[in-house]
Structures are given as C-alpha cells and as structure tokens.
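All values below were derived from every heavy atom in this structure, side-chain atoms included, with hydrogens, water molecules and symmetry-related copies excluded.
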Amino acid sequence: MTLQITQETRLLGQQAEADLQAQFSHVDAVAQANSEKVLDAFQTHRVAESYFAGTTGYGYDDIGRDKLEEIYAHIFRTEDALVRLQFVNGTHAIVCALFGALHPGEELLYAVGAPYDTIQSAIGLTGNAPGSLKSYGIGFRQIGLTPAGTPDLPAIVEAVKNPKVKAAVIQRSRGYATRASLSVEAIGAICAAIHDVRDDVAILVDNCYGEFVETIEPTEMGADLVMGSLIKNPGGGLAPMGGYLAGRHDLIEGAAMRLTVPGIGKECGATLGNNRSLYQGLFLAPHVTAQAVKTALFAARMMELLGYQSDPPSTQTRYDIIQMIRFGAPEPLKRFCKGIQLGAPVDSYVTPEPWDMPGYDTPVIMAAGAFIQGSSIELSADGPMREPYAAYLQGGLTYESGKLGIMLAVEALRA
C-alpha cells in the first residue's frame with residue numbers, strides 16, 4: 001500500500017525541491033556549524049554514561065541534570081542555565097523567568113508587539129486568573145511595530161527610560177501574529193538600543209522555535225536570558241517534556257526559586273531516568289531543526305506553486321521553523337490541517353476540528369500526530385479560526401516524512 005499522493009502532486013514536489021537547492025545548502029551549512037558547537041560542548045564537559053542515570057524523590061546530587069545545565073550554558077554562551085522536566089511547557093518557563101526578574105511595583109515591557117496568546121493570561125492582560133503578574137502588582141506595557149513591520153527602536157528606547165521598567169521581552173517568532181520572525185542580528189540591535197540607555201533592564205528573549213536555526217543565539221548578541229521549550233527545537237524530538245532557560249546567574253536563580261521554592265531553587269528536581277533522552281535530543285537538535293526548516297521551505301514553495309501566499313516566502317532566509325500560509329477562509333485552513341494529520345505517524349486517522357484551547361481567546365484548529373504530545377518539532381499545523389485564516393506549520397523530525405505530510409496536505413486541499 002502506498003500513500004494516496006497523485007503523480008501530479010509528486011511532480012509538483014519535485015519542482016519545489018529543484019527550486020530550493022540553494023536554500024537547502026544554506027540550511028545544511030548551519031546544521032554543520034551547530035553540530036560542531038554541540039559536540040564541542042559535550043566533549044568539553046566530558047559527558048559520560050553515568051550522567052544518564054536518573055534520580056527520584058527530591059533529586060539531590062543529580063550529576064547528569066547539573067552537567068546538562070552546564071552544557072546548555074556552554075552552547076548559549078551564558079553564565080548559567082536551568083533545564084528541567086518540571087517546566088510543563090515553554091509558557092511555564094517564560095513566566096518563571098518573568099517572576100524571577102520582576103518585583104511588585106516594577107514594569108514589564110514587551111518590545112515587539114503583543115505577547116503570545118498563552119502568555120497574556122499569565123501577565124494578566126486577559127482573563128482573571130489568580131497568580132498573574134498583574135495580581136502581584138507588576139505593570140505591563142508593549143511597543144508596537146513600525147508601519148513597515150519592524151521593531152520600533154526609538155519607541156523602545158523611550159519606554160525603557162521609565163525607571164519602573166526592569167525587564168524587556170523580545171519574542172523571536174511571530175506566534176499567531178502576521179509579523180516577520182526576528183533574526184538574531186535584529187534582536188541584537190534591540191538589545192544594544194536598550195542597554196545604551198539602561199544597563200539595569202534585563203532583556204529576556206522568548207527563543208521558542210528559533211534555537212539552532214542560525215549559527216548564533218540571542219545571548220551572544222546582548223540578551224541577558226533566553227527561554228524555551230524542550231519539546232521544540234532543543235529537545236531534538238526525544239525530550240519527553242520540559243523547558244530551559246540560559247542566561248545571567250541572578251536571572252536563573254530567580255526563575256529557579258519560582259519553579260520550586262525560595263531557598264531550594266535548583267537543588268531539587270528529579271529526572272526520573274530521562275537524562276539520556278535529554279542529552280541525546282540535544283545532540284540531535286541541530287540536525288532535527290534543519291529537517292524542520294527544510295520541511296518549512298518545501299511547504300512554502302509547494303503552496304506558492306499552488307497560488308497561496310506563504311510567509312516567509314520560500315526564497316527568504318529562515319530565523320525560526322514556523323511557516324505561515326494564508327488561506328483567507330476557514331474551509332481551506334481546515335482541509336490543509338486535515339491533510340497534515342493524514343501525514344502523521346500517530347493518530348493519522350483523526351480529523352482535527354477547531355476547539356477552545358486553554359489560554360486562547362478564539363477556537364484553534366491543530367493537526368498534530370506526534371510521538372510526544374504537543375511536540376512542535378514534530379510535523380504539525382495549527383491556527384486560530386480568525387482572519388486571515390492562516391496555518392502555522394512547524395516541525396518535521398525528518399525532511400522525507402515532512403515532505404510526505406505536505407504533499408498529503410496538498411491532496412486534501414484539492415479534494
């Protein structure tokens with residue numbers, strides 16, 4: 001039995017691949033450089049078989065956990081890191097970092113538009129959930145983008161002149177917005193602009209979907225902390241759950257005290273036999289991320305050949321693994337997601353439908369047949385059921401399987 005992909009779609013896929021050879025070569029070069037960086041970190045820290053043994057209970061003296069955090073700090077060129085299964089998702093890691101960096105009476109600045117949907121309720125911008133930043137007396141302000149869709153550096157500089165602002169967040173990926181994702185160079189320019197005015201403002205970067213897409217990370221360009229999820233790029237498809245922070249020691253310590261309790265911080269946190277998966281996933285991460293980027297490029301070119309608008313276009317250099325495809329109406333968005341689900345190795349027989357996901361203010365459709373529930377480094381597509389009715393596609397553990405998923409999505413669109 002073969003997958004239900006017509007010869008017409010297969011030929012379209014061949015054309016797309018032929019058009020993408022220069023971009024694929026660039027992606028391979030980035031993966032090579034990042035693989036060398038990771039291997040150097042593993043060898044420098046003398047990774048041994050004994051590091052893979054897990055702990056239970058309190059998790060005291062978990063050498064594998066502690067050494068992995070040293071490796072993350074090495075890779076991200078930072079003073080310290082916090083890599084824990086106890087983070088339930090990327091949002092949890094980000095919010096712990098925010099609470100660690102801010103105190104009542106201070107203000108948080110979002111420098112490139114509105115926070116991602118699930119962060120908004122944690123800040124207190126939407127809903128009335130107990131325990132939000134707002135409920136602790138922490139203020140919030142955001143700076144929009146320029147009419148050209150770029151960071152508004154003069155407005156950011158003016159905002160940080162307010163002495164109440166103690167932390168600024170830069171969201172690297174677009175989330176469910178239509179703006180472009182930010183390059184590390186662009187993030188560096190924002191960091192420089194802020195630090196030229198105030199060196200006491202902590203700059204935190206929501207690094208989700210961006211790790212290993214470029215050869216440098218935001219902490220090498222002035223960011224004080226990066227934050228992300230282990231079931232996205234850095235987990236390499238093997239991490240079963242968790243999140244990470246890498247940055248200044250004081251910011252890591254503050255976040256750790258929020259994750260556990262003051263006075264314990266990083267000292268507790270059992271790994272329950274998962275260290276091997278975390279190490280191996282990180283080792284594979286540069287390659288797996290490259291597979292996801294190639295899948296995104298292939299999706300962009302296929303959809304362009306069919307007359308749809310892809311953002312970023314297939315000719316553009318990538319700064320994260322997300323591919324936005326505009327459909328302009330709900331039905332083609334649903335059909336596309338159905339096709340992506342048909343291409344999954346898990347739950348391929350399920351038909352995704354929009355539903356009210358926690359943390360979102362509008363129904364969201366999500367195609368995700370993953371080995372790890374919710375893993376965005378595995379091929380998935382989702383989108384809010386609102387204008388411009390766009391699919392946000394990400395992931396692909398292997399380019400070959402990702403390509404098949406895209407072709408099945410094309411078939412579903414044509415059905």
Participant: Does the side chain of M324 come within less than 4.5 Å of T178's, by heavy atoms?
Facilitator: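 T178 vs M324: side chains touch.
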Participant: Looking at K166 and D200, is there a salt bridge between them, counting it only when a charged N and a carboxylate O are closer than 4.0 Å?
Facilitator: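 The answer is yes: the pair qualifies as a salt bridge.
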Participant: Short question: side chain of T44, backbone of D40 - any donor-acceptor pair under 3.5 Å?
Facilitator: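 Judged by distance alone, yes, a pair lies under 3.5 Å.
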Participant: Does a donor on one side chain and an acceptor on the other come within less than 3.5 Å for Q394 and S376?
Facilitator: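 S376 and Q394 do not have a side-chain donor-acceptor pair below 3.5 Å.
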Participant: Side-chain donor-acceptor pair under 3.5 Å between E304 and S310, yes or no?
Facilitator: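 Result is yes, a qualifying pair exists.
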Participant: Measure the spacing between CD of E220 and OG1 of T78 and express it to the nearest 0.5 Å.
Facilitator: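 Answer for the CD-OG1 pair, E220 versus T78, is 9.5 Å.
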Participant: So among Y308, Y389, F327, which one has a ring pair (Phe, Tyr, Trp, His ring centres under 6.0 Å) with F336?
Facilitator: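 Considering Y308, Y389, F327, a ring pair (Phe, Tyr, Trp, His ring centres under 6.0 Å) with F336 is found only for F327.
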Participant: If you count every heavy atom of other residues, nucleotides or ligands that lies below 6.0 Å from E36 atom CD, does the total exceed 12?
Facilitator: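 At most 12 heavy atoms, drawn from other residues, nucleotides or ligands, come within 6.0 Å of this atom.
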Participant: Tell me the closest heavy-atom pair linking G237 and I372, and the distance in Å.
Facilitator: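 That would be O-CG1, 4.2 Å.
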Participant: Do any N or O atoms from the side chain of E214 and from the backbone of Y319 form a donor-acceptor pair under 3.5 angstrom?
Facilitator: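 Not a single qualifying donor-acceptor pair exists.
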Participant: On the 0 to 90° scale, with breaks at 30° and 60°, tag the Y176-Y116 ring pair as parallel, tilted or perpendicular.
Facilitator: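 Tilted: the ring planes of Y176 and Y116 meet at 30° to 60°.
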Participant: How far does CD1 of I143 sit from CD1 of I156, to the nearest 0.5 angstrom?
Facilitator: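 That separation rounds to 7.0 Å.
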Participant: Do Y392 and P384 have side chains that approach each other closer than 4.5 Å (heavy atoms only, starting at C-beta)?
Facilitator: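 Heavy-atom side-chain distance check passes, below 4.5 Å.
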Participant: What orientation do Y136 and F99 show, parallel under 30°, tilted 30 to 60°, or perpendicular over 60°?
Facilitator: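 Because their plane-to-plane angle is over 60°, the rings of Y136 and F99 count as perpendicular.
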Participant: Calculate, to the nearest 0.5 Å, the distance between atoms CG and CG belonging to L404 and L342 respectively.
Facilitator: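 One finds 12.5 Å between CG of L404 and CG of L342.
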Participant: Any side-chain to backbone donor/acceptor pair from E69 onto Y244? Under 3.5 Å, distance only.
Facilitator: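 Answer holds: no.
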Participant: Applying side chain to side chain donor-acceptor pair (under 3.5 Å), can you list everything that pairs with H26, at least two apart in sequence or on another chain?
Facilitator: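 With sequence neighbours excluded, H26 shows a side chain to side chain donor-acceptor pair (under 3.5 Å) to no residue whatsoever.
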Participant: Could you check whether any side-chain heavy atom of I5 comes within less than 4.5 Å of a side-chain heavy atom of L408, counting everything from C-beta outward?
Facilitator: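 Yes. Closest side-chain heavy atoms under 4.5 Å.
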Participant: Does any N or O in the side chain of S375 come within less than 3.5 Å of the main-chain N or O of I231, such that one atom is a donor and the other an acceptor?
Facilitator: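 Confirmed, S375 side chain pairs with I231 backbone.
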Participant: Rounded to the nearest 0.5 Å, what separates atom CG in N34 from atom OG1 in T215?
Facilitator: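 Between atom CG of N34 and atom OG1 of T215 there are 6.5 Å.
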Participant: Quick check: are there more than 12 heavy atoms from other residues, nucleotides or ligands sitting under 6.0 Å from CD of Q316?
Facilitator: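 Count over threshold, so yes.
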Participant: Once you round to the nearest 0.5 Å, how far does CG of L379 lie from CD of Q341?
Facilitator: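 That separation rounds to 9.5 Å.
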Participant: Can you find a heavy atom in the side chain of F87 that is under 4.5 Å from one in the side chain of L245?
Facilitator: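 Yes, close enough: below the 4.5 Å cut-off.
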Participant: Would you find a donor on one side and an acceptor on the other, under 3.5 Å apart, between the side chain of S181 and the backbone of S173?
Facilitator: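 Not confirmed, S181 side chain does not pair with S173 backbone.
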Participant: If we ignore angles and hydrogens, is there a donor and acceptor under 3.5 Å between the side chains of T91 and T118?
Facilitator: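 Checked: T91/T118 side chains pair up, N/O donor to acceptor below 3.5 Å.
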Participant: Looking at side-chain heavy atoms only, is the closest gap between F140 and K134 below 4.5 Å?
Facilitator: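 Side-chain contact under 4.5 Å: no.
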Participant: Assess the residue pair E411 and R335 against the criterion (salt bridge (Lys or Arg N to Asp or Glu O under 4.0 Å)); give the C-alpha distance rounded to whole Å, side-chain angles, the decisive distance to 0.1 Å, and a yes or no.
Facilitator: CA-CA 9 Å; E411 295 292 351; R335 291 200 299 271; over 6 Å; no
Participant: Just by distance, do the side chain of E106 and the backbone of H103 share a donor-acceptor pair under 3.5 Å?
Facilitator: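 Side chain of E106 to backbone of H103: a pair is present.
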Participant: Ignoring hydrogens, what is the shortest heavy-atom contact between C337 and A367? Give both atom names and the distance.
Facilitator: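 Reported closest heavy-atom pair: O-CB, 3.1 Å.
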Participant: Thinking salt bridges, do D66 and K266 make one under a 4.0 Å N-O criterion?
Facilitator: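 The answer is no: the pair does not qualify as a salt bridge.
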Participant: Would R318 and Q323 count as having a side-chain donor-acceptor pair, cut-off 3.5 Å?
Facilitator: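 Indeed, the side chains of R318 and Q323 share at least one donor-acceptor pair under 3.5 Å.
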Participant: Would you find a donor on one side and an acceptor on the other, under 3.5 Å apart, between the side chain of R65 and the backbone of G59?
Facilitator: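 Yes, the answer is positive, given that a donor and an acceptor are paired below the 3.5 Å cut-off.
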Participant: Check this for me: does any side-chain nitrogen of one of R141 and E107 sit under 4.0 Å from a carboxylate oxygen of the other?
Facilitator: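 E107 and R141: salt-bridged.
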Participant: When T55 is tested against each of L272, T271, I63 for side-chain contact (heavy atoms from CB on, under 4.5 Å), which residue passes?
Facilitator: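 That would be T271; it is the only one of L272, T271, I63 passing the side-chain contact (heavy atoms from CB on, under 4.5 Å) with T55.
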Participant: Do side-chain atoms of S132 reach the backbone of N128 as a donor and acceptor pair under 3.5 angstrom?
Facilitator: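 Absent.
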Participant: Give the intermediate values and the outcome of side chain to side chain contact (heavy atoms under 4.5 Å, CB included) for residues D62 and N275.
Facilitator: CA-CA 10 Å; D62 191 321; N275 278 343; 3.2 Å; yes
Participant: Walk me through it: do E217 and V226 pass the test side chain to side chain contact (heavy atoms under 4.5 Å, CB included)?
Facilitator: CA-CA 9 Å; E217 297 293 336; V226 286; 5.6 Å; no
Participant: Would you check, one step at a time, whether the test side chain to side chain contact (heavy atoms under 4.5 Å, CB included) holds for I203 with H195?
Facilitator: CA-CA 9 Å; I203 302 175; H195 281 155; 3.5 Å; yes
Participant: Given 3.5 Å as the limit, does a donor-acceptor pair link the side chain of R198 with the main chain of V165, or not?
Facilitator: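 Indeed, once roles are kept as given, a pair shorter than 3.5 Å links the two residues.
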Participant: I want to check something: taking the side chain as every heavy atom from C-beta on, are F298 and Q23 in contact at a cut-off of under 4.5 Å?
Facilitator: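 Answer no - side chains too far apart.
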Participant: Heavy atoms, side chains only, cut-off 4.5 Å: are Q171 and R179 in contact?
Facilitator: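 Contact flag for Q171/R179 side chains = yes.
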Participant: Would you please say whether a donor-acceptor pair under 3.5 Å links the side chains of Y399 and E17?
Facilitator: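 Yes.
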Participant: How far does CD1 of I377 sit from OH of Y209, to the nearest 0.5 angstrom?
Facilitator: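 Here the interatomic distance stands at 10.0 Å.
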Participant: If you count the non-hydrogen atoms of other residues, nucleotides and ligands that lie under 6.0 Å from NZ in K37, is the total more than 12?
Facilitator: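 Check passes, neighbour count above 12.
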Participant: Ignoring hydrogens, what is the shortest heavy-atom contact between V201 and A168? Give both atom names and the distance.
Facilitator: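 The pair with the smallest heavy-atom distance is CG1-N, 3.9 Å.
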Participant: Ion pair present between E400 and K403, side-chain N to carboxylate O less than 4.0 angstrom?
Facilitator: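 No, this pair does not count.
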Participant: Is the backbone of L204 close enough, under 3.5 Å, to the side chain of D224 for a donor and an acceptor to pair up by distance?
Facilitator: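 Pair absent, no side-chain N/O of D224 close to backbone of L204.
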Participant: Tell me, with the steps shown, if D117 and T126 meet side chain to side chain contact (heavy atoms under 4.5 Å, CB included).
Facilitator: CA-CA 9 Å; D117 298 52; T126 59; over 6 Å; no
Participant: Contact between R84 and H92 at the side-chain level, heavy atoms closer than 4.5 Å - yes or no?
Facilitator: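 They are not in side-chain contact.
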Participant: Does atom CZ of F283 have more than 12 heavy-atom neighbours from other groups under 6.0 Å away?
Facilitator: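 Open: at most 12 neighbouring heavy atoms sit under 6.0 Å from CZ of F283.
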Participant: Aromatic rings F76 and Y72: how do their planes relate, parallel, tilted or perpendicular, breaks at 30° and 60°?
Facilitator: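 F76 and Y72: parallel rings.
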Participant: May I ask you to check whether over 12 heavy atoms, not counting those of R10, lie within 6.0 Å of atom CZ?
Facilitator: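 Check passes, neighbour count above 12.
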